[in-house]
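Encoded as structure tokens, the structure appears first; notes follow it.
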Amino acid sequence: MEGNKKKHSLYYTWNGMMYRCYKKYHSHYKYYGACGVTVDERWHDFLNFIEDVDNHLLNGNLLYEKGYDLDKDIKGGNTYSLDTCTVIRSWENQSMSREKQKKSILAFNENESIKFESLAETCKQMSINRSTIISCIRRGSQHKSGYYFTYIT
């Protein structure tokens, strides 16, 4: 299996999980590894991951079908493992991910503060593009409108 593991239909599920948690150059590392999300030591071995999905994970067989994902968030926790993971529909996983990433924005200056429910709403209401607001937040700098911006939860 070692030489052929890339041909296994769950290889990219496993590989994506490992990369998100341990490869700093991965585009989603900031949401996983940088936030302390890890993979149970047993699942560092691809064959153990397959063994658990095939024989122990409730509805693990659905991961072989299109439209299903491995999820660690429903049961809670920062570790991908047999005990913390479940199989859910991809659309449900994407919806939860978007909801989790939604953050309110506070725009403020010395005279007032305005709370916006999302970055998109802030951009629309203040007629400022997304990247500009994000830059102001990251640098802690004031926008030419006179407002500072910060994330609030």
Side-chain angles (χ1 to χ4, degrees), residues 1-107 114-140 143 149-153:
M1 164 69 80
E2 192 59 40
N4 295 327
K5 69 181 178 182
K6 286 185 179 181
K7 292 181 181 177
H8 194 285
S9 58
L10 293 185
Y11 176 76
Y12 292 101
T13 298
W14 174 80
N15 191 57
M17 171 183 69
M18 296 298 290
Y19 271 57
R20 286 189 304 276
C21 293
Y22 299 108
K23 303 295 183 182
K24 291 181 180 178
Y25 56 81
H26 190 277
S27 62
H28 289 124
Y29 176 83
K30 61 187 169 194
Y31 303 120
Y32 292 85
C35 294
V37 176
T38 60
V39 177
D40 183 270
E41 193 64 37
R42 176 172 166 74
W43 280 10
H44 282 233
D45 183 312
F46 179 62
L47 294 178
N48 288 339
F49 174 74
I50 296 304
E51 164 72 20
D52 288 347
V53 167
D54 288 351
N55 300 302
H56 307 293
L57 183 65
L58 183 64
N59 296 320
N61 61 305
L62 293 175
L63 285 178
Y64 289 92
E65 296 182 26
K66 192 174 181 99
Y68 289 91
D69 292 340
L70 184 67
D71 178 81
K72 62 161 183 46
D73 296 318
I74 289 178
K75 290 184 177 180
N78 274 350
T79 304
Y80 283 97
S81 72
L82 181 59
D83 294 332
T84 61
C85 286
T86 189
V87 178
I88 63 172
R89 293 194 174 273
S90 298
W91 65 264
E92 184 181 6
N93 197 21
Q94 291 163 1
S95 175
M96 286 188 327
S97 179
R98 277 191 300 276
E99 197 60 37
K100 193 172 160 186
Q101 291 177 19
K102 260 191 207 173
K103 294 179 183 174
S104 297
I105 302 281
L106 185 66
I114 309 165
K115 181 182 176 192
F116 297 97
E117 293 302 314
S118 67
L119 181 57
E121 182 190 350
T122 309
C123 297
K124 184 177 177 183
Q125 296 294 322
M126 298 197 78
S127 299
I128 303 171
N129 76 38
R130 176 184 176 90
S131 61
T132 301
I133 293 174
I134 291 171
S135 287
C136 288
I137 292 170
R138 285 187 181 146
R139 290 187 311 227
H143 183 261
F149 300 93
T150 189
Y151 289 115
I152 54 176
T153 51

Nearest 0.5 Å, please: how far is [atom2] in [Y] from [atom1] in [X]?
X: Lys72; Y: Asn93; atom1: NZ; atom2: CG; answer: 9.0 Å
X: Asn15; Y: Leu10; atom1: CG; atom2: CG; answer: 12.0 Å
X: Asn78; Y: Asp73; atom1: CG; atom2: CG; answer: 8.5 Å
X: Lys115; Y: Ile105; atom1: NZ; atom2: CD1; answer: 11.0 Å
X: Ile133; Y: His143; atom1: CD1; atom2: NE2; answer: 7.5 Å

Is the backbone N or O of [Y] less than 3.5 Å from a side-chain atom of [X], with the two atoms forming a donor-acceptor pair by type?
X: Thr84; Y: Thr79; value: yes
X: Ser95; Y: Trp91; value: no
X: Ser127; Y: Cys123; value: no

Check: [Y] and [X] side chains under 4.5 Å, non-hydrogen atoms:
X: Val37; Y: Arg20; result: no
X: Phe49; Y: Met18; result: no
X: Leu70; Y: Leu57; result: yes
X: Tyr68; Y: Asn59; result: no
X: Phe116; Y: Met126; result: yes
X: Ile134; Y: Tyr151; result: yes
X: Trp43; Y: Leu82; result: yes

Using ring centroids (six-membered ring only for Trp), state whether Tyr22 and His44 fall under 6.0 Å.
yes
Could you work out, with side-chain contact (heavy atoms from CB on, under 4.5 Å) as the rule, every residue matching [X], not counting sequence neighbours?
X: Asp45; answer: Leu47, Asn48
X: Thr86; answer: Asp71, Ile74, Lys75, Ile88
X: Lys23; answer: Tyr19, Tyr25, His26

Parallel, tilted or perpendicular: which describes the rings of Tyr32 and Tyr80, with under 30° parallel and over 60° perpendicular?
parallel
For residues [X] and [Y], report the shortest heavy-atom separation together with the two atoms involved.
X: Val87; Y: Leu58; value: CG2-O, 3.9 Å
X: Asp40; Y: Ser81; value: CB-CB, 3.6 Å
X: Cys21; Y: Val39; value: SG-CG2, 3.9 Å

For residues 49-67, which residue pairs pass the salt bridge (Lys or Arg N to Asp or Glu O under 4.0 Å) check, not counting sequence neighbours?
Arg42-Asp52
So salt bridge (Lys or Arg N to Asp or Glu O under 4.0 Å) across residues 120-140, not counting sequence neighbours, yields none
Cation-pi, Tyr11 ring and Lys5 (6.0 angstrom, 45 degrees):
no
Just to verify, what does Tyr12 make a ring-ring contact (aromatic ring centres under 6.0 Å, His included) with, not counting sequence neighbours?
none
Less than 3.5 Å apart, any donor N or O on the side chain of Asn129 or Ser131 sitting next to an acceptor on the other?
yes
